[in-house]
Q: 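Handing you this structure, nothing more for now.
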Amino acid sequence: MEIQRDIPLADYTSWLIGGKADFFCLPKNAEEVEEAVRYALANALPWTVLSGGSNVLVSDEGIAGLTICLRRMNGLQIVESDDRVSIECLAGTGKSDLLKVFLKHKLAPALFLAGLPGDVGGGVVMNAGVSEAMVPREFHEIVEWVEVLKIEGRDLRRVILPKDDIRWSYRHSDGWQPGIVLRARLGWEKKADPEILNKVRDANRVRLSKQPLDMPSCGSVFVNPPGHKAAQLIDGCGLKGFKIGGAQVSLKHANFIVNTGGATARDVKGVIEHVRQTVKSQKGVELRTEVIWLGR
Ligand SMILES: Cc1cc2nc3c(=O)[nH]c(=O)nc-3n(C[C@H](O)[C@H](O)[C@H](O)COP(=O)(O)OP(=O)(O)OC[C@H]3O[C@@H](n4cnc5c(N)ncnc54)[C@H](O)[C@@H]3O)c2cc1C
């Protein structure tokens, strides 16, 4: 596997923002991920994982060490029994590919997966999901097990963690670190919903009407604080349209910050800070970011 130098990362993120990776590789399977980590360890480089890049803000100064990008590590296998459909996915498999399998079998998970960008590994790490009332609505409900490359010092070990060995919380999962998610098995009981395709179409229509999907973003920037909706708090402070450089609080959805063209990570950070301070002083609520900062 080729280890490249000075690779611009903006094209690997949904915000189209970010500096260069000092070192960069695109492993296609678990063996190549292991090879990448061993390279980093042997050369005393820090390592960072990037998957679909739809929930990260990459520093303008780039990422030090080796960035391991999983988007070529994709592929899935369907395991069907009398009462269940399970799908074993490599971490870089698109959620959209997973959605297609559930949709083909007319199963409920297709609905919450509709419109969730990024990859399966990123979905596990973030416990991705939707806030609307539906079953299932978060990744942890469909996960059966997760295969992780555990990295402890120089010791690399592949382990399979059953779903209950992982602690799942709102947009977060714990108990598999330090490591890299290599593979996951996801499934649902075989109870066909003949209306699922129409429900998915409706959900896509609603997303399109409410979210600025025609502009680069990373989805919701802030976690909904208990008892509140971040978007309502931000909108209530009159912050829609607030802009620094190329980064703007979306006019369509106040919890999205869009790249209107040429935005830098510094611009986005500036908008995030201004929104946090304004919401804190006007509404008395502390906002926490859902987006993950990567790099220097
Ligand atoms: C338009 C839009 C709408 C969105 N709507 C939603 C939504 O409704 N609900 C929701 O939950 N999210 C939403 N998101 C955010 C995002 O799509 C999810 O969080 C997604 O699950 C992230 O997956 P990813 O593959 O892009 O991860 P990345 O952004 O690449 O990574 C996210 C984090 O996980 C780590 N990571 C990724 N893969 C691995 C791995 N295999 N092993 C170890 N660490 C890893 C990365 O280092 C990073 O810290 C939206 C984003 C966009 C752009």
Side-chain angles (χ1 to χ4, degrees), residues 9 12-18 21 27 30 33 36-37 46-58 63 65-74 89-99 111-132 134 136-140 143 146-151 161 166 168-184 203-204 206-208 210-224 230-231 250 252-253 255-259 289-295:
L9 292 172
Y12 290 93
T13 74
S14 60
W15 241 328
L16 302 180
I17 290 174
V33 173
V37 175
W47 51 268
T48 302
V49 180
L50 188 62
S51 207
S54 65
N55 206 45
V56 291
L57 181 56
V58 174
I63 302 183
L66 177 63
T67 299
I68 303 170
C69 178
L70 300 181
R71 67 170 50 176
R72 278 200 196 147
M73 187 169 149
N74 52 43
C89 299
L90 290 176
T93 306
K95 293 187 190 74
S96 53
D97 292 333
L98 181 63
L99 158 75
L111 185 54
F112 94 100
L113 289 168
L116 280 191
D119 300 335
V120 168
V124 169
V125 171
M126 298 300 306
N127 189 20
V130 296
S131 51
E132 292 86 356
M134 62 177 76
R137 60 189 263 196
E138 288 186 331
F139 250 72
H140 75 91
V143 167
V146 177
E147 186 183 18
V148 179
L149 178 66
K150 292 284 257 181
I151 306 163
L161 300 174
I166 296 175
W168 304 92
S169 54
Y170 181 64
R171 303 295 172 262
H172 188 69
S173 67
D174 245 324
W176 54 269
Q177 305 93 334
I180 298 177
V181 172
L182 296 173
R183 209 158 52 107
N204 285 339
V206 170
R207 267 188 183 253
L208 204 55
K210 289 188 173 166
Q211 301 181 355
L213 299 180
D214 55 341
M215 299 185 90
S217 81
C218 78
S220 293
V221 172
F222 299 100
V223 174
N224 285 328
S250 164
K252 206 166 179 183
H253 191 307
N255 200 12
F256 278 53
I257 295 175
V258 291
N259 179 355
T289 49
E290 181 176 319
V291 170
I292 293 172
W293 174 262
L294 293 184

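Basis for what follows: all heavy atoms, side chains included, without hydrogens, waters or symmetry-related copies. Just so you know, ligand 1 is whichever comes first in the structure, and atom 1 is the first atom listed for that ligand.
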Q: Looking at S217 and F256, would you say the former's side chain and the latter's main chain have a donor-acceptor pair under 3.5 Å?
A: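 Answer holds: no.
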Q: Working to the nearest 0.5 Å, report the span between CG of L294 and CG of L9.
A: 9.0 Å
Q: If you measure every N or O of A91 against every N or O of ligand 1, does any of those distances drop under 3.5 Å?
A: no
Q: Grab the two heavy atoms, one from C218 and one from V291, that are nearest each other, plus how far apart they are.
A: SG-CG2, 3.0 Å
Q: Closest non-hydrogen protein atom to atom 24 (P) of ligand 1, residue and atom name please, with distance?
A: G52 N, 3.5 Å
Q: Is there a polar contact, in the sense of an N or O pair closer than 3.5 Å, between R207 and ligand 1?
A: yes
Q: Using modelled atom types and a 3.5 Å cut-off, is there a donor and acceptor pairing between side-chain atoms of K252 and backbone atoms of L208?
A: yes
Q: Looking at CD of E138 and CG of N127, how far apart are the two atoms once the value is rounded to the nearest 0.5 Å?
A: 4.5 Å
Q: Are any of the N or O atoms of K95 closer than 3.5 Å to those of ligand 1?
A: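 K95 vs ligand 1: N/O contact under 3.5 Å present.
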Q: Give me the residue, atom name and distance of the protein heavy atom closest to atom 37 (C) of ligand 1.
A: S51 CB, 3.7 Å
Q: Is the closest N or O pair between G179 and ligand 1 shorter than 3.5 Å?
A: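 N/O-N/O distance under 3.5 Å: no.
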Q: Find all atoms of ligand 1 within a distance of less than 4.0 Å from any non-hydrogen atom belonging to R171, and give their numbers and elements.
A: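 Those of ligand 1 that fall under 4.0 Å from R171 are 11 (O).
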Q: Around R71, counting heavy atoms of other residues, nucleotides and ligands shown, do more than 12 lie under 6.0 Å from its CZ?
A: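 Atom CZ in R71 is crowded, with more than 12 foreign heavy atoms closer than 6.0 Å.
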Q: Judging by distance only, is a nitrogen or oxygen of G219 under 3.5 angstrom from one on ligand 1?
A: no
Q: For atom 33 (C) of ligand 1, grab the closest protein heavy atom and report residue, atom and distance to one decimal in Å.
A: I292 CD1, 3.8 Å
Q: For atom 46 (C) of ligand 1, what is the closest protein heavy atom, and at what distance to 0.1 Å?
A: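 Answer, as residue, atom name and distance: V49 O, 3.3 Å.
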Q: Let me confirm one number: the CZ-CD1 distance from F139 to I166, rounded to the nearest 0.5 Å.
A: 12.0 Å
Q: Answer yes or no: is there a donor N or O on one side and an acceptor on the other, between the side chain of R207 and the main chain of G115, under 3.5 Å?
A: yes
Q: Using a 4.0 Å cutoff against the non-hydrogen atoms of G123, which atoms of ligand 1 qualify?
A: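 Every atom of ligand 1 under 4.0 Å from some heavy atom of G123: 21 (O).
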Q: After noting the C-alpha distance and the side-chain angles of I68 and T48, does the key distance pass the side chain to side chain contact (heavy atoms under 4.5 Å, CB included) rule?
A: CA-CA 6 Å; I68 303 170; T48 302; over 6 Å; no
Q: Pull out every atom of ligand 1 sitting under 4.0 Å from any heavy atom of L213, numbered as shown with elements.
A: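 Matching atoms, with element in brackets: 1 (C).
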Q: Considering the heavy atoms of S14, write down every atom of ligand 1 situated less than 4.0 Å from one of them.
A: 53 (C)
Q: So does N55 get a backbone contact from the side chain of W15, meaning a donor-acceptor N/O pair under 3.5 Å?
A: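 Here the side-chain-to-backbone pair does not exist.
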Q: Any N or O on S220 sitting closer than 3.5 Å to an N or O of ligand 1?
A: no
Q: I need the nearest protein heavy-atom contact for atom 12 (N) of ligand 1: residue, atom name and distance, please.
A: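 Residue, atom and distance for the closest contact: E290 OE2, 4.0 Å.
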Q: Below the 3.5 angstrom mark, is there an N/O of G53, backbone or side chain, next to an N/O of ligand 1?
A: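 There is such a contact, yes.
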Q: Among protein heavy atoms, which lies nearest atom 35 (C) of ligand 1, and at what distance?
A: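 Among all protein heavy atoms, the one nearest atom 35 (C) of ligand 1 is V125 CG1, 3.9 Å.
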Q: Would you mind listing which atoms of ligand 1 come within a distance below 4.0 Å of any non-hydrogen atom of M126?
A: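 Here the atoms of ligand 1 in question are 19 (O).
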Q: What protein heavy atom is closest to atom 48 (C) of ligand 1, reported as residue, atom name and distance in Å?
A: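 Protein heavy atom at minimum distance: V56 CG1, 3.8 Å.
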Q: Heavy-atom contacts with L116 under 4.0 Å: which atoms of ligand 1 show up? List them by number with element.
A: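 Answer, ordered by atom number: 6 (C), 7 (C), 8 (O), 9 (N), 10 (C).
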Q: Is the backbone N or O of A230 less than 3.5 Å from a side-chain atom of N224, with the two atoms forming a donor-acceptor pair by type?
A: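 Side chain of N224 to backbone of A230, a donor-acceptor pair under 3.5 Å: yes, one is there.
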Q: Could you check whether any side-chain N or O of N259 sits under 3.5 Å from a backbone N or O of P216, counting only pairs where one atom can act as donor and the other as acceptor?
A: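 Side chain of N259 to backbone of P216, a donor-acceptor pair under 3.5 Å: no, none is there.
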Q: Ligand 1 and S54, any nitrogen or oxygen pair closer than 3.5 angstrom?
A: yes
Q: Return yes if some donor-acceptor pair links the side-chain N/O of T67 with the main-chain N/O of A21 below 3.5 Å, else return no.
A: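 Side chain of T67 to backbone of A21, a donor-acceptor pair under 3.5 Å: no, none is there.
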Q: Which ligand 1 atoms does L70 reach within 4.0 Å, using its non-hydrogen atoms?
A: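 Ligand 1 atoms under the 4.0 Å threshold to L70: 40 (C), 41 (N).
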Q: Can any side-chain N or O of K95 pair as donor or acceptor with the backbone N or O of L116 at less than 3.5 Å?
A: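 Answer holds: no.
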Q: So is W176 close enough to ligand 1, meaning a heavy atom under 4.0 angstrom away?
A: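 Per 4.0 Å heavy-atom rule, W176 contacts ligand 1.
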Q: Is there a polar contact between ligand 1 and N55, counting only N or O atoms under 3.5 Å apart?
A: yes
Q: Does L294 reach ligand 1 with a nitrogen or oxygen that is under 3.5 Å from one of the ligand's nitrogen or oxygen atoms?
A: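 No - when backbone and side-chain N and O of L294 are compared with those of ligand 1, no distance drops under 3.5 Å.
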Q: Give the C-alpha distance, both sets of side-chain angles, the deciding distance and a yes or no for side-chain hydrogen bond (donor to acceptor under 3.5 Å, both in side chains) between D119 and S51.
A: CA-CA 6 Å; D119 300 335; S51 207; 2.9 Å; yes
Q: Considering only the protein, which heavy-atom contact is closest to atom 10 (C) of ligand 1, and what is its distance?
A: G129 O, 3.4 Å
Q: Which atoms of ligand 1 sit under 4.0 Å from any heavy atom of A128?
A: 11 (O), 21 (O)
Q: Taking the side chain from R171 and the backbone from G129, do they hold a donor-acceptor pair closer than 3.5 Å?
A: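 Present.
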